[in-house]
Amino acid sequence: MSILVVGSVAFDSVKTPFGNVDDVLGGSATYFSTSASYFTDVRLVAVVGTDFPDEHVEMLKTRGVDVEGLRKVPGKTFRWRGYYEYDLNQAHTLETQLNVFSGFDPDIPESYRDCEYVFLANIDPVLQLKVLDQVRNPKLVACDTMNFWIEGKPDELRKLLKRVELFVINEGEAREFTGESSLVKAARKILDMGPSTLIVKRGEYGALMFNARSVFSALEDIFDPTGAGDSFAGGLVGYLASTGDLTEENFRKAMIFGSVMASYNVEAFSLGRLGSLDIEDIRSRYNDFKRLTHFEDL
Ligand code: AMP
């Protein structure tokens with residue numbers, strides 16, 4: 001089953017303690033689509049400027065991503081500049097240029113509107129809502145966001161969450177959004193806003209899944225963390241869509257696939273590693289995770 005994704009397609013300039021790059025391919029929708037493309041069909045909705053090279057679009061096409069909904073308009077592509085210190089869990093934003101995204105009014109291609117799986121990757125919640133308004137009867141709507149939107153558009157974000165089943169967010173952002181230092185309290189507050197499942201990403205400490213009944217935890221390994229959250233979400237929702245199974249058991253497996261994709265993504269800048277995996281790589285790391293987290297009964 002295919003996934004419709006809206007989010008940023010960007011040029012990133014990133015500095016980590018291990019190196020730096022300028023104007024490389026990035027963006028929440030780019031990382032998500034590439035990651036999810038290993039599991040199922042992906043239909044991308046986003047906008048880029050005339051400075052966006054065709055080779056990047058070709059890379060997405062090579063991964064099988066449907067780019068009919070990727071518009072190229074006059075102007076400059078979205079740009080993000082940031083850095084990480086040795087604590088790779090915390091991204092520091094130096095500059096966000098929305099550029100062509102500031103005037104973007106998404107018009108979802110007719111062929112995308114029946115997608116049963118919708119992922120609203122990190123972008124303006126107003127745009128996320130506009131996309132949601134145009135899809136018919138989705139089986140699962142999932143979304144991500146970041147501090148930029150939590151601080152800039154909190155009311156729109158709350159409105160969006162009423163219509164979302166699965167919310168995927170960073171630990172620090174969950175605390176900031178709810179004004180709670182306790183993660184458990186923050187999770188409860190977020191679940192009260194609408195989503196039936198919340199996944200809190202904790203960088204190298206893995207991810208936690210909360211729903212009304214339980215908490216489940218998965219581990220994750222780390223180099224350049226940019227895109228880790230989006231590739232995590234790509235593996236997670238990609239696996240759910242490929243199986244069409246939304247039981248809690250399957251959500252647990254999907255979280256491990258999310259962690260597998262994120263752990264590959266962080267091994268190189270940009271799409272350097274994530275763009276060139278094969279199914280065997282994914283399978284073998286899944287099994288590594290299993291061995292790592294398996295323990296015997298008493
Ligand atoms: P993450 O998976 O959280 O590391 O997301 C990294 C990606 O988010 C980068 O490739 C950026 O281009 C993109 N990004 C950064 N800030 C924003 C923003 N305010 N809105 C949408 N995308 C963003």
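In each ligand, atom 1 is the first atom listed, and ligand 1 is the first ligand listed. What you see is a predicted model; the values in this text were computed from it and never measured. Sequential numbering from 1 along the given sequence is applied to the chain's residues.
- Between S8 and ligand 1, at least one pair of N/O atoms sits closer than 3.5 Å.
- The shortest contact between atom 11 (C) of ligand 1 and any protein heavy atom is with D12 OD1, 3.4 Å.
- With hydrogens and angles ignored, the 3.5 Å screen pairs a side-chain donor or acceptor of Y264 with a backbone N or O of D281.
- The shell of residues lying under 4.0 angstrom from ligand 1, judged by heavy atoms, includes W149.
- Using a 4.0 angstrom heavy-atom cutoff, F78 counts as in contact with ligand 1.
- Less than 4.0 angstrom separates some heavy atom of P225 from each of these atoms of ligand 1: 4 (O).
- Counting heavy atoms under 4.0 Å from ligand 1, residue N122 touches it through both backbone and side chain.
- Interface of T226 with ligand 1, defined as ligand atoms under 4.0 Å from a residue heavy atom, comprises 4 (O), 6 (C), 9 (C), 10 (O).
- When E173, Q97, M146 are ranked by how near their heavy atoms come to atom 17 (C) of ligand 1, first place goes to M146.
- Residue A91 places no heavy atom under 4.0 Å from ligand 1.
- Counting only heavy atoms of the protein, atom 8 (O) of ligand 1 lies nearest to S28 N, 4.1 Å.
- For S263 and R285, the side-chain atoms include at least one donor-acceptor pair closer than 3.5 Å.
- Here's the thing with D230: one of its N/O atoms is less than 3.5 angstrom from an N/O atom of ligand 1.
- With hydrogens and angles left out, the side-chain atoms of N250 and T243 include a donor and acceptor closer than 3.5 Å.
- Numbered from 1 in the order shown, with element, the atoms of ligand 1 that lie under 4.0 Å from a heavy atom of G229 read 2 (O).
- Side-chain N/O atoms of S2 and Y112 include no donor and acceptor closer than 3.5 Å.
- Using cut-offs of 30° and 60° on the angle between ring planes, the pair F101 and F78 is perpendicular.
- Every atom of ligand 1 is numbered from 1 in the order shown, and the set under 4.0 Å from a heavy atom of G26 is 10 (O).
- Between D107 and R113 there is a salt bridge, since a side-chain N of the basic residue sits under 4.0 Å from a carboxylate O of the acidic one.
- Per-residue contacts place G27 under 4.0 angstrom from the following atoms of ligand 1 (heavy atoms of the residue considered): 9 (C), 10 (O), 12 (O).
- The pair R252-E248 counts as a salt bridge, with a side-chain nitrogen and a carboxylate oxygen less than 4.0 angstrom apart.
- Ring centroid separation for the pair F257 and Y38 does not come in under the 6.0 Å cut-off.
- For the salt bridge (Lys or Arg N to Asp or Glu O under 4.0 Å) criterion with R79, the lone passing option out of D22, D51, D12 is D51.
- Follow the hydrophobic side-chain contacts under 4.5 Å out from L246 and you reach M1 in the same cluster.
- Here the heavy atom of the protein found nearest to atom 4 (O) of ligand 1 is G227 N, 2.7 Å.
- Side-chain contact check for W149 and D124: no donor-acceptor pair (N or O, by modelled atom type) lies under 3.5 Å.
- When non-hydrogen atoms are compared, ligand 1 lies under 4.0 Å from the side chain of Y31 (C-beta onward) but not from its backbone.
- Residue S231 does not touch ligand 1, judged by heavy-atom distances below 4.0 Å.
- In this structure, F11 and F52 have tilted ring planes: the angle between them lies in the 30° to 60° band.
- With ligand atoms numbered from 1 in the order given, ligand 1 contributes 12 (O) to contacts under 4.0 Å with heavy atoms of A10.
- Those atoms of ligand 1 that come under 4.0 Å of a heavy atom in F148, given as number and element, are 19 (N).
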